[in-house]
Amino acid sequence: MNNTGEIMEPKIKIVNVVVSTQIGSDIDLEEAALILDNAEYEPEQFPGLVCRLSEPKVALLIFRSGKVNCTGAKSKEEAEVAIKKIIKELKDAGMDIIDDPEVKVQNMVATADLGIEPNLDDIALMIEGTEYEPEQFPGLVYRLDDPKVVVLIFGSGKVVITGLKKEGDAEIALNKILETLREIEEIK
Amino acid sequence: RLRKWQRRIRVSDASERNLAFALSELDRIASKLGLPRNVRENAAVLYRGAVEKGLIRGRSIEGVAAAALYAACRRCRVPRTLDEISEASRVDRKEIGRTYRFLSRELGIKLAPTNPIDYVPRFASELGLPGEVESKAIAILQKAAEKGLTSGRGPTGVAAAAIYIASVLLGNRRTQRDVAEVAGVTEVTIRNRYKELTEHLDIDVTL
DNA sequence: ACGTTACTTTCGAAAGC
DNA sequence: GCTTTAAAAAGTAACGT
């Protein structure tokens, strides 16, 4: 028996955090590409410089404007560590860089388990704003308005929540989904 | 005045020309896929509806026509996959899928997810299978749906596996390879669905 | 028949086509 | 709308062995 009761379903895991910031202006990406180790810069293909770090394991996109995106982090803190790392490398090489810029979380992706195996056909037929095309993708796409997030629901009960700005919205969204699922069961 | 009048004529000329082109596209793709007249008419109604609501702006006529046909096929329960429509229309499947979602939302068309059963008649006849096999495959799919064995799986793959099982059970065996080819899936997919269906539905397929 | 890799879907920011 | 980044879910595809 589970001594913690039954309310431990929302074991939500943040698997990706996307953050943006600004580390300067008029950055010479050619120069930065030479300074940073694992950097790729192919302006013909994409205007930003791509830099992958192994610790923390993230990818950074640096633009000429000084805007920087960081993806792949497991938390905002991890993304901040990554940004500080490249800032130090660029500063040590003599570039004009802002020291500790404000970073903004633009998106977070979380995974969770509903604890039950939902009937995706029923959800698709009864809930407005859902898309379910098994020919194309096995998950049902559910767009919520209140926490403005998108939830991918699978037949196994596993779920992916994306579009998150706040970590707490994941649990709110999850509970709304579970409540909606209960309502469907009642109507059935 | 005269100028405004002339412009109206030009505009209506262009609109009529575009509509005529769209309808000929619908007919061309539909005949290439051997679709019945009611599906073409249904698609034409959808297309005209899209024109009236100004939904073609920023989209290609071919793309909207292909998406309208895809939707009409599902509505008439004679589904074609996005790949089939794409191949026949030479419009990218991604664009057809995107336009289809847009049309169904804007035209207020709510279509149920494609039912694997709807693919059975076409696949079975292409395989030259008799009605009993077709009925058996449908019965298998109904049981499968009740047990949640179709959720999240590709409709063509589950339909193909059900037909394969039914053909073996009723002594009209078709190879996995032949069934896979008409259904447009790989043999691996048929094997996976086959295992799942026979195990969970207690079907004895002793060869 | 495996196993591995890779593609499908969702999200957001960035600059430019 | 596209290009690039990362990550998860489950199904399907396409390689190689």
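Just so we're clear, the structure is a prediction, and the values are computed from it rather than from any experiment. So you know, we letter chains A, B, ... as the sequences are listed, proteins then strands, and number each from 1.
Looking at Asp118(B), its side chain never comes within 3.5 Å of a backbone N or O of Val78(B) through a donor-acceptor pair.
In the set dT10(C), dA14(C), dA7(D), the nucleotide with an atom closest to the side chain of Ser65(A) is dA14(C). Side-chain proximity of Asn107(A) to dG12(C), dA8(D), dT10(C): nearest is dG12(C).
Residue Arg59(B) is out of contact with every strand shown, counting any heavy-atom pair closer than 4.0 Å. Within 4.0 Å of Thr71(A), counting heavy atoms only, lies at least one base atom of the nucleic acid. Looking at heavy-atom distances under 4.0 Å, Lys57(A) makes contact with sugar-phosphate atoms alone, never a base. Using a 4.0 Å heavy-atom cutoff across all strands shown, Val18(A) reaches at least one base atom of the nucleic acid.
Put simply, CG on Leu49(A) is 14 Å from C1' on dA15(C), counting in whole angstrom units. Separating the CG atom of Asp28(A) from the P atom of dA15(C) is a distance of 16 Å, rounded to the nearest angstrom. Rounding to whole angstrom units, CD of residue Glu135(A) and C1' of dT8(C) are separated by 11 Å. With rounding to whole Å, Glu102(A) atom CD is found 16 Å from dA13(C) atom P. Counting to the nearest Å, the P atom of dT4(D) and the CG atom of Leu61(A) are 11 Å from each other. The NZ atom of Lys104(A) sits 17 Å away from the P atom of dC11(C) (whole-angstrom rounding). Rounded to an integer number of Å, the gap from CG of Asn69(A) to P of dA13(C) is 9 Å. One atom, CG of Leu53(A), and another, P of dA6(D), lie 12 Å apart when rounded to the nearest Å.
A 4.5 Å side-chain heavy-atom check between Asp83(B) and Glu87(B) finds every atom pair outside the cut-off.
Here, dG3(C) and dA7(D) have their P atoms 24 Å apart, quoted to the whole Å. Separation of the P atoms belonging to dT9(C) and dT12(D) is 16 Å when rounded to the nearest angstrom. Comparing the P positions of dT4(D) and dA6(C) gives an interatomic distance of 15 Å, to the nearest angstrom.
Ala166(B) and Ala137(B) get closest at one heavy-atom pair: CB-N, 3.6 Å. Taking every heavy atom of both residues into account, Val64(B) and Arg59(B) meet most closely at CG2-CB, 3.9 Å. In terms of heavy-atom proximity, Ser89(B) sits nearest to Ala66(B) at OG-CB, 3.9 Å.
Between Asp99(A) and the choices Lys84(A), Lys88(A), Lys91(A), the salt bridge (Lys or Arg N to Asp or Glu O under 4.0 Å) rule is met once, by Lys91(A).
Close to dT8(C), at under 4.0 Å from its OP1 or OP2, lies no side-chain N or O of Arg93(B). At least one side-chain nitrogen or oxygen of Arg98(B) sits closer than 4.0 Å to the OP1 or OP2 atom of dC2(D). For dG1(D), the OP1/OP2 oxygens have no side-chain nitrogen or oxygen of Lys94(B) closer than 4.0 Å.
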| request: Evaluate the side chain to side chain contact (heavy atoms under 4.5 Å, CB included) criterion for residues Thr111(A) and Lys158(A): first the C-alpha distance (whole Å), next the side-chain angles of each, then the deciding distance (0.1 Å), finally the verdict. | output: CA-CA 7 Å; Thr111(A) 56; Lys158(A) 294 285 185 57; over 6 Å; no
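Look at dT3(D): its Watson-Crick or wobble partner, with both distances under 3.5 angstrom, is dA15(C).
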| remark: Scoring nucleotides 9-17 of chain D by protein non-hydrogen atoms under 4.0 Å (B base, S sugar-phosphate only, - none) yields BBSSSS---
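Ser60(B) and Glu95(B) share a donor-acceptor pair across their side chains, judged by distance under 3.5 Å alone.
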